[in-house]
Novice: 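My questions all concern the structure below.
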Amino acid sequence: MTDKVRLRIAPSPTGDPHVGTAYMSLFNKAFAHRHGGSFVLRIEDTDQTRYNPTSVGEIIDSLRWLDLLPDEGPGIGGEYGPYVQTERRELYIKHAHELVDMGHAYRCFCTSARLEEMRREQAARHEPPRYDRHCLRLSPKEIERNLSEGKPYTIRMLVPDEGTTSFQDLIRGEISFENKVLDDQIILKSDGLPTYHLAVVVDDHYMEISHITRAEEWISSTPKHILLYNYLGWELPKFAHFPLLRNADRSKISKRKNNTSLKWYREQGYLPEAMINFLALMGWSMPNGEETFTFEDVKREFTFERMATSGPIFDLVKLTAINGKYIRTLSDEELYERLLPYLPEDLDQERVRRAVPVIKDRLTTLGEFAELTGYLFGPPPDYDAAGLVPKKGTPEAARAALERIRDLLAGLPEPWSHEEWESGMRGIAAELGLKAGDIFMVLRVAVTGSPVSPPLFESIEILGKEETLRRVDAALAKLG
RNA sequence: GGCGCGUUCGUCUAGAGGCCCAGGACAUCUCCCUUUCAAGGAGAAGAUCAGGGGUUCGAAUCCCCUACGCGCUACCA
């Protein structure tokens, strides 16, 4: 074991790339790199029933999107591979049997049916569900017979009846468990693949992981892992259990109650740097109190000591606010570039460029651009003729206003200035005894199809005189 | 039920014995700006620091108890 700093994330390829994976990656990569170490990706695919073949690629894509790519991992390379657990099965089998030989583990031939029955009875007696060690009492002869009959078996670790197992958590301090509350956990399944508990210990050892970071849901299995390290005679890594991201009801974050897929955030148009900033604010903060910062800042400042212990609620509203803030700091050109993946390719690019500065302050995600600016690239959404009529006005007033606006626009030189247009508009309002706001509203609805829209003048400018006039005529026709 | 972890404004947090009758951000509300909506600016409201006991001249900060929340309790991770 060296004193190299090596951290890893170990997601299971069971579904969409999870926001929790990004959360852990952020701090792991920051800490590893801060100390000149490596950040590793390992795929924990020992549960074949939940395996999803597209998942690994999507996890990597998502990490690349967030600029959190690992230094080592499947498809990335590294000297500690393979980085996929099913490709390492011989290693687990070897150590599982080694543990059996040492008397620290034993074969269990119990069927799932018997185990279920056992648990049912324990529940009925209000006892904690634990393996009753039926197979620990098997004689060598019985074991021999079961083996020769080809009975399937699992391997369970043997937990001491007495004593306590404790460890120093980098985030939470000392945590200890009485060994008697620990179960004789299955470490090798009957399909020959390890359970998490064995695989994680073996891999973290061989991959020379120096700091084991994971969510707090793993705290209660840590003593089992420590026991395994001790049985195997391996040096203990450091442990840090991070707070669990929560739903609004404080339960563990789930896709039922939250958008947990990183693909979703990308599709909506959240900026990776906003995502990073938001995630870093969950349970952590900059020493100087700064709330807007980058990955580089986290890398420079991250320490386990500053990590909070209680699980933060994942608040989409705050993420969205941060995202809007990041969008506003982008230059028009940058924003244009970032918008491209979210737009149909056949959109008039020149028009998109001109729409960018107009819409920037109103964007909260990149994905909103298309809907917010739809009227600039096609006909305005259909609206009711009543929408053209000023609050205290009549359809006749709206008609008179539109006719004069049409004449005003038609008579304006091309290009015309905001000033000459606005004074013309105000003149019409005065002439008709309407408020300026009413006049602008009539035009706004005629041009954008909605009483709520991006700035009117800029919109007209982008659409051009001809198209604007067409829309005014359409509005007139609507009024009948 | 057992074991473990946690508990500062609605939310994210600052706070490591006196600087705190608790600061910032998001959200909310008001005002300003303004042709709508935003953005921006200025304000307001919002936490008896879960509750109760200690320790101390002094506690959000240290200790104990209680309550509540969450997690684990699978041949899932």
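Just so we're on the same page: letters track the sequence lines, and every chain starts at 1. In what follows, every heavy atom counts, from backbone to side chain, and hydrogens, waters and symmetry copies are set aside. Values in this document were obtained by computation on a predicted structure and should not be read as measured data.
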Novice: Taking only side-chain nitrogens and oxygens of Lys252(A), does any of them come within less than 4.0 Å of OP1 or OP2 of C72(B)?
Specialist: yes

Novice: Can you establish whether the number of heavy atoms outside Arg256(A) located under 6.0 Å from its atom CZ is more than 12?
Specialist: no

Novice: Please round to the nearest 0.5 Å and tell me the distance separating atom NE2 of His225(A) and atom CG of Leu198(A).
Specialist: 9.0 Å

Novice: Reckon Ser285(A) has a side-chain N or O less than 4.0 Å from the OP1 or OP2 of A14(B)?
Specialist: yes

Novice: Across the strands shown, which category fits Cys108(A) at heavy-atom distances under 4.0 angstrom: base, sugar-phosphate, nothing?
Specialist: nothing

Novice: Identify the nucleotide, in any strand shown, that forms a Watson-Crick or G-U wobble pair with A42(B), with both distances under 3.5 Å; if there is none, say none.
Specialist: U30(B)

Novice: Looking only at side-chain N and O atoms, does Asn277(A) offer a donor or acceptor that is under 3.5 Å from a partner on Tyr326(A)?
Specialist: yes

Novice: Please tell me which of the listed nucleotides, C72(B), C76(B), G24(B), lies nearest to the side chain of Glu217(A)?
Specialist: C72(B)

Novice: How would you label the contact of Thr154(A) with the nucleic acid (heavy atoms, under 4.0 Å): base, sugar-phosphate, or nothing?
Specialist: base

Novice: Under 4.0 angstrom, heavy atoms only, what part of the nucleic acid is Gly283(A) near: base, sugar-phosphate, or nothing?
Specialist: sugar-phosphate

Novice: Among A74(B), U35(B), A14(B), which is the nearest nucleotide to the side chain of Pro129(A)?
Specialist: A74(B)

Novice: Would you measure the distance from the C1' atom in G23(B) across to the matching atom in C31(B) and give it in whole Å?
Specialist: 24 Å

Novice: Counting Watson-Crick and G-U wobble pairs only, both distances under 3.5 Å, name the nucleotide matched with C20(B), or none.
Specialist: none

Novice: In this structure, how many angstroms lie between the P atom of G15(B) and the CD atom of Glu305(A), rounded?
Specialist: 12 Å

Novice: Rounded to whole angstrom units, what separation is found between the CZ atom of Arg119(A) and the C1' atom of C75(B)?
Specialist: 9 Å

Novice: Could you check how far CG of Asn247(A) sits from C1' of G71(B), rounded to whole Å?
Specialist: 13 Å

Novice: Give one of base, sugar-phosphate or nothing for Trp284(A), where a contact means two heavy atoms less than 4.0 Å apart.
Specialist: nothing

Novice: Give me the distance, rounded to whole Å, that separates A60(B) from C9(B) when you measure between the P atoms they each carry.
Specialist: 15 Å

Novice: On RNA chain B, does the nearest nucleotide to Phe177(A) precede the nearest nucleotide to Pro312(A) from the 5' side, or the other way round? Give the residue.
Specialist: Phe177(A)

Novice: Using purine N1 to pyrimidine N3 plus N6-O4 or O6-N4 for Watson-Crick, or N1-O2 and O6-N3 for G-U wobble, each under 3.5 Å, what pairs with G2(B)?
Specialist: C72(B)

Novice: Between G69(B) and C29(B), how many Å separate the two P atoms, rounded to a whole number?
Specialist: 31 Å

Novice: Take a 6.0 Å sphere around NZ of Lys465(A) and say whether it holds more than 12 heavy atoms from other residues, nucleotides or ligands.
Specialist: yes

Novice: Could you state the atom-to-atom distance from CG of Asp191(A) to P of A74(B) in whole Å?
Specialist: 18 Å

Novice: So which nucleotide does U35(B) pair with, by the Watson-Crick or G-U wobble rule with both distances under 3.5 Å?
Specialist: none

Novice: Can you say whether the rings of His211(A) and Phe304(A) are parallel (under 30°), tilted (30 to 60°) or perpendicular (over 60°)?
Specialist: parallel

Novice: Respond yes when some side-chain nitrogen or oxygen of Thr46(A) is under 4.0 Å from OP1 or OP2 of A77(B), and no when none is.
Specialist: yes

Novice: Closest-nucleotide mapping onto RNA chain B: is Met282(A) or Glu174(A) further toward the 5' terminus? I mean the 5' end.
Specialist: Glu174(A)

Novice: Is any side-chain nitrogen or oxygen of Arg250(A) closer than 4.0 Å to OP1 or OP2 of G71(B)?
Specialist: no

Novice: Answer yes or no on whether Lys189(A) is positioned over the face of Tyr92(A), meaning its NZ or CZ is under 6.0 Å from the six-membered ring centre and within 45° of the axis.
Specialist: no

Novice: Give one of base, sugar-phosphate or nothing for Ser450(A), where a contact means two heavy atoms less than 4.0 Å apart.
Specialist: nothing

Novice: If you check every side-chain atom of Val452(A), which of C75(B), C12(B), C37(B) has the closest atom?
Specialist: C37(B)

Novice: Does one side chain, of Asn52(A) or Thr54(A), offer a donor that lies under 3.5 Å from an acceptor on the other?
Specialist: yes

Novice: With respect to the phosphate group of U7(B), does any side-chain polar atom (N or O) of Thr309(A) fall under 4.0 Å of OP1 or OP2?
Specialist: yes

Novice: Among U36(B), G6(B), A25(B), which is the nearest nucleotide to the side chain of Glu291(A)?
Specialist: A25(B)

Novice: Considering only G4(B), G1(B), C76(B), which nucleotide approaches the side chain of Thr195(A) most closely?
Specialist: C76(B)

Novice: For the side chain of Ser453(A), starting at C-beta, report the closest nucleotide among U36(B), C12(B), C5(B).
Specialist: U36(B)

Novice: Compare side-chain N and O positions of Arg214(A) against OP1 and OP2 of C72(B) and report whether any pair is under 4.0 Å apart.
Specialist: no

Novice: How many whole angstroms separate atom CG of Asn288(A) from atom P of A25(B)?
Specialist: 14 Å

Novice: For a quick test of your reading: what N or O donor-acceptor pairs under 3.5 Å do the side chains of residues 281-291 of chain A make, sequence neighbours left out?
Specialist:
unit_1    : atom_1 : unit_2    : atom_2 : d
Ser285(A) : OG     : Arg306(A) : NH2    : 2.9
Asn288(A) : OD1    : Glu290(A) : N      : 2.8
Glu290(A) : OE2    : Thr292(A) : N      : 3.3

Novice: Given the P atoms of G10(B) and U28(B), what is the spacing between them in whole Å?
Specialist: 16 Å

Novice: If you check every side-chain atom of Arg306(A), which of A14(B), U7(B), U36(B) has the closest atom?
Specialist: A14(B)

Novice: Rounded to whole Å, please give me the gap between CD in Glu216(A) and P in C3(B).
Specialist: 19 Å

Novice: Closer than 4.0 Å, any side-chain N/O of Arg246(A) to the OP1 or OP2 of C70(B)?
Specialist: no

Novice: Distance criterion of 3.5 Å, no angle test: do you see the side chain of Arg172(A) paired donor-to-acceptor with the base of C5(B)?
Specialist: no

Novice: Round to a whole Å and report the spacing from CG of Leu193(A) to C1' of C75(B).
Specialist: 10 Å

Novice: Does A14(B) have a Watson-Crick or wobble partner in any strand here, with both distances under 3.5 angstrom, and which is it?
Specialist: none

Novice: Between Lys189(A) and A77(B), is there a side-chain N or O to OP1/OP2 distance below 4.0 Å?
Specialist: yes

Novice: Quick check for you: among G71(B), A74(B), U36(B), whose closest atom lies nearest to any side-chain atom of Arg444(A)?
Specialist: U36(B)

Novice: According to the Watson-Crick and G-U wobble definitions, with both distances under 3.5 Å, which nucleotide is paired to A67(B)?
Specialist: U7(B)

Novice: Now, which nucleotide makes the Watson-Crick or G-U wobble pair with U55(B), with each of the two distances under 3.5 Å?
Specialist: none

Novice: Is it the case that more than 12 heavy atoms not belonging to Glu162(A) sit under 6.0 Å from its CD atom?
Specialist: no

Novice: Can you figure out which of A74(B), C37(B), G71(B) approaches the side chain of Leu244(A) most closely?
Specialist: G71(B)

Novice: Which of the following nucleotides, C75(B), A39(B), A77(B), is nearest to the side chain of Arg328(A)?
Specialist: A39(B)

Novice: Within this structure, what is the CD1-to-C1' distance between Ile219(A) and G69(B), rounded to whole angstrom?
Specialist: 15 Å

Novice: Categorize Ser12(A) for me: base, sugar-phosphate, or nothing, with a 4.0 angstrom heavy-atom threshold over every strand shown.
Specialist: sugar-phosphate

